[in-house]
A.B. asks: 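My questions all concern the structure below.
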Amino acid sequence: LIGNSNKPIVIDGPVVVPGDVVIRGVITGRGTIYAGRNIHFVGDVTWQDRPRWWDVERDVSTGQLRQQNKTSGPESNLGTVCNDGTYVVPGGAVPPGCP
């Protein structure tokens with residue numbers, strides 16, 4: 001995969017490659033590359049439009065995750081992380097003793 005500013009590598013969600021991945025150049029989008037073997041970076045890899053990641057905070061007393069400073073909407077409940085590291089999806093059954 002070779003990208004440049006006129007024709008960047010577009011990553012949109014998961015990208016699955018059964019063998020090796022050889023990559024260099026400019027990337028745009030947001031996703032994950034899953035390689036069946038190895039990923040080889042054969043030059044600089046830069047983002048054309050850097051993805052923005054949420055700042056996530058965890059309520060210590062409940063374990064609930066949310067986007068920082070969000071108190072309503074879908075970003076206000078991103079699931080629960082127990083003190084032992086167990087993740088529970090939003091609306092899932094929280095195990096006893098969690099958080």
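Note that the structure is predicted; figures quoted are calculated from it, not measured.
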A.B. asks: Is a side-chain N or O of Asn38 found less than 3.5 angstrom from the main chain of His40, in a donor-acceptor match?
C.D. replies: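 No, Asn38 side chain to His40 backbone: no donor-acceptor pair under 3.5 Å.
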
A.B. asks: What closest approach, in Å, do Asn6 and Asn4 show between heavy atoms, and which atom pair accounts for it?
C.D. replies: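 Closest heavy-atom pair between Asn6 and Asn4: N-OD1, 2.9 Å.
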
A.B. asks: Distance-only criterion, 3.5 Å: show the donor-acceptor pairs between side-chain atoms of residues 83-94 and protein atoms not counting sequence neighbours.
C.D. replies:
from, atom 1, to, atom 2, distance (Å)
Asn83, OD1, Arg58, NH2, 2.9
Asn83, ND2, Pro99, O, 2.3
Asp84, OD1, Thr86, N, 2.9
Asp84, OD1, Thr86, OG1, 2.7
Asp84, OD2, Thr86, OG1, 3.3
Tyr87, OH, Leu78, O, 2.8

A.B. asks: Salt bridge or not for Arg66 and Glu75, using N-O below 4.0 Å?
C.D. replies: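 The answer is no: the pair does not qualify as a salt bridge.
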
A.B. asks: Is Tyr34 linked to Ile9 within one hydrophobic cluster, defined over Ile, Leu, Val, Met, Phe, Trp and Tyr using a side-chain heavy-atom separation of less than 4.5 Å?
C.D. replies: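 Different clusters: Tyr34 never reaches Ile9 through Ile, Leu, Val, Met, Phe, Trp or Tyr contacts under 4.5 Å.
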
A.B. asks: Evaluate whether atom CG of Asp44 has more than 12 neighbouring non-hydrogen atoms of other residues, nucleotides or ligands under 6.0 angstrom away.
C.D. replies: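 Incorrect, the count does not exceed 12.
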
A.B. asks: Quick check: is Val10 connected to Leu1 through a chain of hydrophobic side chains (ILVMFWY, heavy atoms under 4.5 Å apart)?
C.D. replies: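 Leu1 and Val10: separate clusters.
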
A.B. asks: Can you give me the closest heavy-atom contact between Asp59 and Ser61, atom names plus distance?
C.D. replies: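 Closest heavy-atom pair between Asp59 and Ser61: OD1-OG, 2.6 Å.
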
A.B. asks: Does Gln48 have any side chain to side chain contact (heavy atoms under 4.5 Å, CB included) partners at least two apart in sequence or in another chain, and if so, which?
C.D. replies: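 Here the qualifying residues are Ser5, Pro8, Val26, Thr28.
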
A.B. asks: Test Thr80 against Thr62 for side-chain contact (heavy atoms from CB on, under 4.5 Å), laying out the working first.
C.D. replies: CA-CA 8 Å; Thr80 301; Thr62 65; over 6 Å; no

A.B. asks: Are Trp47 and Val42 co-members of a hydrophobic cluster defined by side-chain heavy atoms under 4.5 Å apart?
C.D. replies: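 Unlinked, Val42 and Trp47 end up in two clusters.
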
A.B. asks: Apply side-chain contact (heavy atoms from CB on, under 4.5 Å) to Phe41 and Ile23, showing your working.
C.D. replies: CA-CA 5 Å; Phe41 296 90; Ile23 189 168; 3.5 Å; yes

A.B. asks: Below 4.5 Å, heavy atoms only, C-beta onward: do Val15 and Thr32 meet side chain to side chain?
C.D. replies: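 The answer is no, as the side chains (C-beta and beyond) never meet within the 4.5 Å cut-off.
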
A.B. asks: Do Ile33 and Val45 belong together in a cluster built from hydrophobic side chains that touch within less than 4.5 Å?
C.D. replies: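 Hydrophobic grouping puts Ile33 with Val45.
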
A.B. asks: Report the C-alpha separation of Asn77 and Gln64 in whole Å, then their side-chain angles, then the decisive distance to 0.1 Å, and conclude whether the side-chain hydrogen bond (donor to acceptor under 3.5 Å, both in side chains) test is met.
C.D. replies: CA-CA 7 Å; Asn77 183 5; Gln64 185 179 22; 3.1 Å; yes

A.B. asks: What do the steps show when you test Ile27 against Ile11 for side-chain contact (heavy atoms from CB on, under 4.5 Å), and what is the final call?
C.D. replies: CA-CA 7 Å; Ile27 300 174; Ile11 298 179; 3.7 Å; yes

